[in-house]
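To keep things clear, I will list the structure first and then write my remarks on it.
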Amino acid sequence: MQSVMEEKQHIGQLFDRIAPTYDGLNHGLSLNIDRRWRRMTVAKMMPVRHVLDVAIGTADLTIEMLRRGKAEYVTGIDLSDQMMEIGERKVERLKLQEVNFIHGNAQQMPFEDASFDAVTCAFGCRNFSNLDEGLREMYRVLKPGGQVTILEFSYPTRRYIRVLYDFYFTHVLPTIGRLVSRDKTAYTYLNKSVKSFCWGEAFAQRLHDAGFVDEHFEPVTFGIATIYVASKR
Ligand SMILES: C[S@@+](CC[C@H](N)C(=O)[O-])C[C@H]1O[C@@H](n2cnc3c(N)ncnc32)[C@H](O)[C@@H]1O
């Protein structure tokens, strides 16, 4: 069995494989709560000109921020071409022309220092093989005064919610994920990666260590996910 770390080395391929079923499974398995989390994340953003959406995937967060007028244009970076292809098709269908998709690694981005007015990342950080490298890169490419907004899975604090959560993530989600995506490992990886990841204060501290200031966070839906916001001085 592969370790979470080994799987992270091949993350682009993993998402390439599940790309065709990613959106449907996301919305179905979360009972559409993921859409609400993205809306809440975007609500925390200030309207700016140019946003970098790290791990843009199929562009759901980007679409939401363009619709809400939080960005004039968006550059998205991702390791999975298949995820971005689906994102590009969605953006075209919605006639949102202001998106530029770039293949690349969040931990070593091909952008100049201080290039973007804001940086976002939804459900991407957990997949980085080195979280601190990814956060430092976000800090580097953000303009001084800019804000980073991150949405990521976390772990509920209430005991009875944890029991349900553990059951859902260990049994229900990997089984449905495997059947629908026909990928044996991807949704087991999701479960493992969520459990082995840091959240709350610990994640806020990592933002601070990367150079960000005014870091704060809001757990949503019993802490199943958390929205983090921080700034660059
Ligand atoms: C769970 S999806 C999230 C996609 C999208 N942000 C959303 O909200 O649906 C995670 C995405 O992160 C991308 N990813 C993971 N590690 C990455 C890295 N080091 N650099 C760039 N993209 C990465 C994957 O290819 C995948 O598209």
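The first residue of the sequence shown is numbered 1, and numbering continues consecutively from there. Note that ligands are numbered from 1 as they come in the structure, with each ligand's atoms numbered from 1 the same way. FYI, side chains are in, hydrogens and waters are out, and symmetry mates aren't considered; it's all heavy atoms of this structure. Source: prediction; values computed, not measured.
At a cut-off of 3.5 Å, with distance as the only test, a side-chain donor of Tyr73 or Arg49 sits close to an acceptor on the other residue. Asp81 and His103 form a side-chain donor-acceptor contact under 3.5 Å, judged by distance and modelled atom types alone. His27 and Asp34 form a side-chain donor-acceptor contact under 3.5 Å, judged by distance and modelled atom types alone.
Near ligand 1, heavy-atom contacts under 4.0 Å come from Ile11, Phe15, Tyr22, Arg38, Ala55, Ile56, Gly57, Asp78, Leu79, Ser80, Met83, Gly104, Asn105, Ala106, Gln107, Ala122, Phe123, Asn127, Phe128.
Side-chain atoms of Glu72 and Glu98, non-hydrogen and from C-beta on, never get closer than 4.5 Å to each other.
The line from CZ of Phe116 to CG of Leu52 is 4.5 Å long, rounded to the nearest 0.5 Å.
Taking the six-membered ring wherever Trp is involved, the centroid distance between the rings of Phe153 and Phe169 falls below 6.0 Å.
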